[in-house]
Amino acid sequence: MPVYRICFQKTGPAAYLSHLDLLRVMERAARRAGLPLAYSGGFNPHPRMAFAAPLPVGISGEQELADIELTGEVDPVTITTTFNRCLPEGLLTNSARRVEGGGPSLMAQVQTAAYRLTGNLAGPLTTGELDRVIQTLLARETIAVTRLVKGKTRTANIRPGIVSLTGVCRGLALELFLAAAIGVRPGDVLAALVTSGLPTDPALFTAVRQALFGSGPLT
């Protein structure tokens, strides 16, 4: 059965949807759009929809990805237009294209993600000082982050997951490339920068995931 890759935006109020809520909204929109969804078997069949890397709640996405399996061929332009008529505010389909099924899952194909963080400085900072803060952070072998996972406290080293990090001092804008497999969050990196001397309040920042990348093109 044909598989179509949907590239969509998740912005505004939709940025606060959990991943589970997003699954439900996309499934509902696909049914309302009249798409011939393929379903799994068993006692609790569900649409064959697979998403790429889940977004943390509160972070927008400009080029999010999902694979949807259908029971028949549908023109990609039709998928895009009918989906958009049924999606709520903050969700918008950019494009759709047919992809070959049977290979690695979409989530397994994602290797890195690009993020943009914007906010304000709490004090004066030159470009040279910002560069030194970033280089100080990147020079560390270990950047420990502690999280509560299923009721247990776990500490992880996120340094291997920071592929690249740059910034400019117009207000304050940071560009991040993070490894998907490590599970690094933009907020982890921002908090680590603050401990390295960046004069800002992480709570005042907004984050956008700009794109997802694999060994080959994903969109």
- Considering only heavy atoms from C-beta outward, does the side chain of E175 approach that of L165 to under 4.5 Å? no
- 4.5 Å side-chain heavy-atom contact, L204 and N120: no
- Task: Given side-chain contact (heavy atoms from CB on, under 4.5 Å), test L174 with L190 step by step and report yes or no.
- Result: CA-CA 9 Å; L174 301 169; L190 186 57; 3.9 Å; yes
- Are the side chains of V133 and L193 in touch, meaning some heavy atoms are under 4.5 Å apart? yes
- Message: Strictly distance-based, threshold 3.5 Å: is any side-chain N or O of D188 a donor or acceptor partner for the main-chain N or O of R185?
- Response: yes
- Decide whether L137 and L178 are clustered together by the hydrophobic rule: side chain heavy atoms of Ile, Leu, Val, Met, Phe, Trp, Tyr closer than 4.5 Å, transitively. yes
- Message: Do L70 and Y4 have side chains that approach each other closer than 4.5 Å (heavy atoms only, starting at C-beta)?
- Response: yes
- For A96 and I79 the tightest heavy-atom approach is CB-CG2, 4.0 Å
- Looking only at atom types and distance, does a side-chain atom of Q135 sit under 3.5 Å from a main-chain N or O of R132, one as donor and one as acceptor? no
- Verify, without hydrogens or angle tests, whether N84 (side chain) and T93 (backbone) share a donor-acceptor contact under 3.5 angstrom. yes
- Query: Are any of the side-chain heavy atoms of P186 and L176 separated by less than 4.5 Å?
  - Reply: yes
- Message: How long is the straight-line distance from CD1 of I6 back to CD of E64, given to the nearest 0.5 Å?
- Response: 13.5 Å
- Message: I'd like to know if the side chain of R5 and the backbone of L65 have a donor-acceptor N/O pair within less than 3.5 Å.
- Response: no
- Message: Counting C-beta onward and ignoring hydrogens, is there a side-chain heavy-atom pair between L125 and T200 closer than 4.5 Å?
- Response: no
- Task: Establish, yes or no, whether a centroid distance under 6.0 Å links the rings of F51 and H19.
- Result: yes
- About how many Å separate CG of N157 and OG1 of T142, when rounded to the nearest 0.5 Å? 4.5 Å
- Query: So if you build clusters from Ile, Leu, Val, Met, Phe, Trp, Tyr with side-chain heavy-atom gaps below 4.5 Å, do L91 and L55 land together?
  - Reply: no
- Note on the structure: Interatomic distance, CG@L35 vs CE@M49, rounded to 0.5 Å, equals 9.0 Å
- Message: Check whether T78 reaches the backbone of V74 with its side chain - one donor and one acceptor, N or O, closer than 3.5 Å.
- Response: no
- Query: Going from SG on C169 to CD on E129, what distance comes out if it is rounded to the nearest 0.5 angstrom?
  - Reply: 8.0 Å
- Going by heavy atoms in the side chains, are R147 and R154 under 4.5 Å from each other? no
- Task: Taking all non-hydrogen atoms of both residues into account, name the closest pair between G41 and R48 and its distance.
- Result: N-NH2, 4.4 Å
- Message: Which heavy atom of T11 sits nearest to which heavy atom of G61, and what is that distance?
- Response: CG2-O, 3.9 Å
- When clusters are formed by joining ILVMFWY residues with side-chain heavy atoms under 4.5 Å apart, either directly or through shared neighbours, do M107 and V110 land in the same one? no
- So does D67 pair up with R98, basic N to acidic O under 4.0 Å? no
- Can you name the one residue among V189, V184, L138, I158 that meets side chain to side chain contact (heavy atoms under 4.5 Å, CB included) with I143? I158
- Query: If we ignore angles and hydrogens, is there a donor and acceptor under 3.5 Å between the side chains of T136 and S196?
  - Reply: no
- Note on the structure: The single option from K10, R116, R209 that satisfies side-chain hydrogen bond (donor to acceptor under 3.5 Å, both in side chains) with E62 is R116
- Considering all heavy atoms of both residues, which atom of L37 and which atom of E27 are nearest to each other, and what is their separation? CD1-O, 4.4 Å
